[in-house]
2 protein chains.
Amino acid sequence: MATPLEKARKDPESMKARILHIARRFFGEYGYHGTTTRMIAKEAGIDSSTLHYHWGDKKDLYEAVIVDINKDLGQKLIAVEKRIHGLPLDQRMAIAIDAMTDYLFKFPEVSNLVLFHYFSKTRDALDLRVPEFTADIARSMGLTRDRKTTSPRAKIEVLAVMNAIHNFISGEKFFRPIVNLNRKDYISIVKETLKFVLIGSFVEREKKQKSS
Amino acid sequence: MATPLEKARKDPESMKARILHIARRFFGEYGYHGTTTRMIAKEAGIDSSTLHYHWGDKKDLYEAVIVDINKDLGQKLIAVEKRIHGLPLDQRMAIAIDAMTDYLFKFPEVSNLVLFHYFSKTRDALDLRVPEFTADIARSMGLTRDRKTTSPRAKIEVLAVMNAIHNFISGEKFFRPIVNLNRKDYISIVKETLKFVLIGSFVEREKKQKSS
DNA sequence: TTACTTTTCCATCAAACGATGGAATCAATG
DNA sequence: CATTGATTCCATCGTTTGATGGAAAAGTAA
């Protein structure tokens, strides 16, 4: 029952996990085609055939990476959901944005890989079913009227918020020189701006809805 | 004085322009490493050596593509700026979001390439200086107090807005199945949502600033 | 036509890439 | 110790990729 990925996640010291971790970073930075198995193997200090021994083909390793980061992301989202449950909307959003931003700045490959997966195609036909969080987040943020279905509008709103966060993490190397700030200041100004831009409209709408 | 790119931009019927146009699409969809010169040549119905004859190395072609889309983008931004000049902030933002969204949905490679350029590295050492629009947009939107300098905060705000737009264009193939809408409805709901999310906070802040 | 230039294709190269078979090494168990 | 299984490396294969030289074709001007 234990898949290779589960094994690797349980024992972070294993070579399997070591390779997976490095693969996350490289695939995140250079994308699927921009990353070679030799790059990963060299960084891990092993031969590329050892990599193949543990994870099979490049495609298989990439799929494992995608599944891996989606598990991490899902766990983090659940943890955040618990923290904000029951609070008023503005606090819910502020805390969620802070927490997710901190987390993603710590593991930027997650944002990198999510965005790569959104925005680019791959020549190799790899079909990976990725868990879909938009509906859950929409529910957690109280954007769904109906308990069961989530409207397209609500999902689009969630995507707008999530992507806004991912962008500043993945785009750091490009954006930070533009604003000319050190990493610490960049992170703090990003968090401020995200909260400023993203929260206002939602809170305002909620006010109007309650008053009517 | 006429660079190859300028030539190609002036005569859209030429083989040079034809290759450039196809290269835009492929580099936008598959990224730099995900695109092969053979793919582009095949799509253009020519031999890859003909491609090389016109544009030189792959790196050179890619650079030409980046410069090309940045010129297009710059021209579009200037055109939009003229339309919104003098209007109140909420209208300025609404019109700009509408216009840019329409434009980018028509030429999605532009968003694709911009985001690729933001979020991913390339193995080949290609250093392209890309024109930087954030300061101009910030000025055009009235986010700069000082005439000459643009604060980091203002630039980050501009990036947040621009990226929000790019995301929904580049992410269409991924997001549209999630919301399960046809293209027309997707575009319209994206525009609505962008205006809803992005405009509110800025207008609200301006109100407060004026009243104080 | 002829002479010359521009453009295109064909054949091919060297390097990089993903992948594999098999020998060598290490670890665990009796 | 010997045996077995798991792990790692080395050598190498077949393809793909970017790139080039040179012939063929198309276009231009006298």
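Lettering follows sequence order; numbering is per chain, from 1. This is a predicted model, so every value here is computed, not measured.
- Across the protein-nucleic acid pair, Lys59(A) atom NZ and dG18(C) atom P stand 13 Å apart, rounded to whole Å.
- Residues from residues 23-32 of chain A that place a heavy atom under 4.0 Å from any atom of DNA chain C: there are none.
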Show me, pair by pair, the donor-acceptor contacts under 3.5 angstrom made by side chains of residues 19-28 of chain B, not counting sequence neighbours?
from: Arg24(B); atom 1: NE; to: Glu109(B); atom 2: OE1; distance (Å): 3.1
from: Arg24(B); atom 1: NH1; to: Asp68(B); atom 2: OD2; distance (Å): 2.9
from: Arg24(B); atom 1: NH1; to: Asp72(B); atom 2: OD2; distance (Å): 2.8
from: Arg24(B); atom 1: NH2; to: Glu109(B); atom 2: OE1; distance (Å): 3.0
from: Arg25(B); atom 1: NH2; to: Glu43(B); atom 2: OE2; distance (Å): 3.3

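- Atom CD1 of Ile19(B) is separated from atom C1' of dT7(C) by 11 Å (rounded to the nearest Å).
- Comment: Glu63(A) does not engage Lys59(A) in a salt bridge, judged by the lack of any side-chain N to carboxylate O separation of less than 4.0 angstrom.
- Axis angle across the helix from dT1(C)-dA30(D) to dG30(C)-dC1(D), with five pairs used at each end and values rounded to 10°: 0°.
- The nearest whole Å value for the distance from the CE atom in Met15(A) to the P atom in dT25(C) is 18 Å.
- In this structure Arg123(A) satisfies the side chain to side chain contact (heavy atoms under 4.5 Å, CB included) test together with His33(A), Tyr30(B), Thr36(B), Met39(B), sequence neighbours excluded.
- Per the geometry, NE2 belonging to His54(A) stands 16 Å off P belonging to dA19(C), to the nearest Å.
- When DNA chain D is scanned in the 5' to 3' direction for atoms under 4.0 Å from non-hydrogen atoms of chain A, the outermost contacting nucleotides are dA6(D) to dT17(D).
- Phe175(A) has its ring centre less than 6.0 Å from the ring centre of Tyr118(B).
- Of the possible polar contacts, none joining the Tyr32(B) side chain to the Lys58(B) backbone as a donor-acceptor pair under 3.5 Å is found.
- For DNA chain C, the residues of residues 41-52 of chain A within the heavy-atom distance limit of 4.0 Å (strictly under) are Ser49(A), His52(A), sorted by number.
- Between Trp55(A) atom CH2 and dA19(C) atom P the separation is 15 Å, expressed in whole Å.
- For the pair Tyr53(A) and Arg38(A), nearest-nucleotide mapping onto DNA chain D gives the more 5' position to Tyr53(A).
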